Amino acid sequence: MTFTAQILTLYPEMFPGPLGTSLAGRALSEGKWICDPINPRDFTTDKHRSVDDTPAGGGAGMVLRADIMAAAVDQAIENHPKVPILAMTPRGKPLTQARVREIAAGPGVTIICGRFEGFDERLFDARPIEEVSIGDYVLSGGEMGALVLLDACIRLLPGVMGASSSGDDESFENVILEYPQYTRPQIWEGRIIPEVLRSGDHAKIAAWRKQRAEEDTRLRRPDLWERHRDSPDQSPSGAQEKDKDKE
Ligand code: SAM
């Protein structure tokens, strides 16, 4: 089954946008995924095609109406009943690589993009919608978040990345960050590629990479490091178990 992305957006022309180029673009033209924007304005009933109204209780901006958004969501559910429905909102659960992997392993995803001040909260009570945030900052609309989520999913679809780069070693796959990367020239502005990476000794290289991945995670992302240490099955080599034994 082809992975289908339905995107509920007031700006359907933003899709596939950057996902029409490079890896995702090639995958799209090869039919490895389908991009299907749906405009909530098509579900309006008034002559102005209004999707929003003023906030209850007063205040600045406009709010996306629950009735209009729900009608668009219902159409998306009818099209693809088995795919998860995500809404982009800063109030949502932060998106993780683990959730991205789950979504990419399924038949597709429906993503609802907010605008203005966001959604009438009753939409989330009335429909099975997962609220997702892409970070602790505010975008002007959910479309960029949808593009981020889709890019992260599409590269994991079968046959999209080369077999040699399955993504298994990358940052967040085993909770921690990836080790640092280098390429030619060997010496650049007086800086030389670490000797071990030039040694050809694969065991030593693997050990160095593991050590740097762990060290960098501990220094740069103590939050991830804590999680890594607290979850026994995260390291195939059992390294964290050894670390814990030292305590
Ligand atoms: N009033 C909202 C708040 O303070 O939480 C922000 C609304 S924002 C200007 C408009 C839309 O952009 C949101 O409804 C959401 O779809 C999207 N958006 C903004 N920041 C986001 C984030 N960090 N993650 C996901 N979506 C975001």
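Numbering of residues begins at 1 and proceeds along the displayed sequence. Ligands are counted one by one from 1 in listed order, and the atoms in each one are counted from 1 as well. Keep in mind that this is a model prediction, so the values were computed, not measured.
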field: For the student: nearest non-hydrogen atoms of Pro37 and Phe15, plus distance
entry: CG-CB, 4.1 Å
query: Any ion pair linking Glu195 and Lys204 (charged N to carboxylate O, less than 4.0 Å)?
result: no
Nearest neighbour in protein (non-hydrogen) for atom 24 (N) of ligand 1: Ile134 N, 3.0 Å
field: ligand 1 contact by Gly145, heavy-atom criterion under 4.0 angstrom
entry: no
field: Qualifying residue, where the test is side chain to side chain contact (heavy atoms under 4.5 Å, CB included) with Met69 and the options are Ile112, Asp120, Asp52
entry: Ile112
- prompt: Just which atoms of ligand 1 are under 4.0 Å from any heavy atom in Gly114?
  reply: 11 (C), 14 (O), 16 (O)
- request: Would you confirm whether any non-hydrogen atom of the protein falls under 4.0 Å from atom 4 (O) of ligand 1?
  value: no
- request: Determine, stepwise, if the pair Arg198 / Ile192 fulfils side-chain contact (heavy atoms from CB on, under 4.5 Å).
  value: CA-CA 10 Å; Arg198 295 177 280 122; Ile192 190 157; 3.7 Å; yes
Location of contacts on Thr89 toward ligand 1, heavy atoms closer than 4.0 Å: backbone
query: Got a sec, which residues hit side chain to side chain donor-acceptor pair (under 3.5 Å) with Asn79, two or more places apart in sequence or on another chain?
result: Gln6, Gln75
- line: ligand 1 to Gly142, heavy atom cutoff 4.0 Å, flagged ligand atoms 12 (O), 16 (O), 17 (C)
message: Suppose we measure from atom 7 (C) of ligand 1 to each protein heavy atom; which comes out shortest, and what is that distance?
response: Phe116 O, 3.4 Å
- line: Taking only non-hydrogen atoms of Gly118 and a 4.0 Å limit, the atoms of ligand 1 in range are 14 (O)
- prompt: How far is atom 2 (C) of ligand 1 from its nearest protein heavy atom, and which residue and atom is that?
  reply: Glu117 O, 3.6 Å
message: Any salt bridge linking Arg209 with Glu178? Criterion: basic side-chain nitrogen under 4.0 Å from a carboxylate oxygen.
response: no
query: Which protein heavy atom lies closest to atom 8 (S) of ligand 1, and at what distance to 0.1 Å?
result: Leu139 O, 3.2 Å
field: Parallel, tilted or perpendicular: rings of Tyr182 and Trp208 (30°, 60°)
entry: tilted
Polar atom proximity, Tyr137 to ligand 1 (N or O, under 3.5 Å): yes
query: Nearest to atom 27 (C) of ligand 1, what protein heavy atom do you find, and at what distance?
result: Pro90 CD, 3.8 Å
- prompt: Is there at least one pair of N or O atoms, one from Met88 and one from ligand 1, spaced under 3.5 Å apart?
  reply: yes
field: Reported CZ-to-CG distance for the pair Arg41 and Leu8, which is rounded to 0.5 angstrom
entry: 13.0 Å
- prompt: Can you name the ring pair (Phe, Tyr, Trp, His ring centres under 6.0 Å) partners of Phe116, sequence neighbours left out?
  reply: none
statement: One should read off an interatomic distance between Arg212 CZ and Leu197 CG, to the nearest 0.5 angstrom, of 9.5 Å
query: Counting N and O atoms only, with roles assigned by atom type, does the side chain of Arg221 sit under 3.5 Å from a partner on the main chain of Leu177, one being a donor and the other an acceptor?
result: no
task: Just let me know how Ala87 lines up against ligand 1, side chain, backbone, both or neither, with a heavy-atom cut-off below 4.0 Å.
output: neither
message: Would Val138 count as being in polar contact with ligand 1, using the rule that some N or O on each side must be under 3.5 angstrom apart?
response: no
statement: ligand 1 to Ser133, heavy atom cutoff 4.0 Å, flagged ligand atoms 23 (N), 24 (N), 25 (C)
task: Report yes or no: does Val132 have a heavy atom closer than 4.0 Å to ligand 1?
output: yes
